[in-house]
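For reference, the structure discussed in these notes is given below.
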Amino acid sequence: MKPNSMPAVVADPETRQRAGAERAGLYRVILLDDDDHSYNYVIEMLQRIFYISVRQALQHAREVDLTGRTVLITCGRREAEFSRDQIQAWGPDPLIPRCRGSMSALIEPAT
């Protein structure tokens, strides 16, 4: 190494892939599970917000119930933020009396 020079920093492949996705501006919208919303609520919300079929909405409802999260879409940051905000503003589930609010969602850079 030359005097006064910095060693090269090499990122692992996952870090490079994530950084590339951020530069490309792609983000995932992720719906998070809870016990205060029914399948009917999730299906209706997803159909209305994302214009997807009952079958697709049911697949997401099952996945979020079984794994705790489901990736709804991958898109640009502004669209991802807007989608997340729509989910979080949807309101409580009228079928579950203890429900006090909307489901939670987050966005993360696509990798």
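Residues take their numbers from the sequence shown, with the count starting at 1.
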Are Gln88 and Met103 close enough, and set up right, to give a side chain to side chain contact (heavy atoms under 4.5 Å, CB included), and what steps lead you there? CA-CA 6 Å; Gln88 294 183 162; Met103 291 189 75; over 6 Å; no
**Study point:** More than 12 heavy atoms of other groups within 6.0 Å of Tyr39 OH
**Key:**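 Yes - once you tally the heavy atoms of other residues, nucleotides and ligands closer than 6.0 Å, there are more than 12.
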Under 4.5 Å side-chain heavy-atom separation, chaining through any Ile, Leu, Val, Met, Phe, Trp or Tyr, what else clusters with Leu32? Say none if it is isolated.
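When side chains under 4.5 Å apart are linked, the cluster holding Leu32 also contains Ile30, Val71, Leu106.
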Pairing residues for [X] by the salt bridge (charged side-chain N to carboxylate O under 4.0 Å, His left out) criterion, not counting sequence neighbours:
{"X": "Glu79", "answer": "none"}
{"X": "Arg84", "answer": "none"}
{"X": "Arg62", "answer": "none"}
{"X": "Glu63", "answer": "none"}

Side chain to side chain donor-acceptor pair (under 3.5 Å) involving [X] - partner list, sequence neighbours excluded:
{"X": "Ser104", "value": "none"}
{"X": "Asn40", "value": "none"}
{"X": "Asp36", "value": "Arg98"}
{"X": "Asp33", "value": "none"}

Without placing hydrogens or testing angles, list every side-chain donor-acceptor pair under 3.5 Å for residues 54-61, not counting sequence neighbours.
residue : atom : partner : partner atom : Å
Gln56   : OE1  : Ser53   : N            : 3.0
Gln56   : OE1  : Ser53   : OG           : 3.3
His60   : ND1  : Thr70   : OG1          : 2.9

So CD of Glu44 and CD1 of Ile49: to nearest 0.5 Å the spacing works out to 10.0 Å
### Task
Check the pair Val29 / Glu108 against side chain to side chain contact (heavy atoms under 4.5 Å, CB included), numbers first and verdict last.
CA-CA 7 Å; Val29 178; Glu108 67 182 19; over 6 Å; no
Applying side chain to side chain contact (heavy atoms under 4.5 Å, CB included) to Ser102 and not counting sequence neighbours gives Tyr41, Trp90
Heavy-atom closest pair (Ala80 atom, Ile107 atom, distance to 0.1 Å) is O-CG2, 3.5 Å
Side chain to side chain, Gln47 and Tyr51, heavy atoms closer than 4.5 Å: no
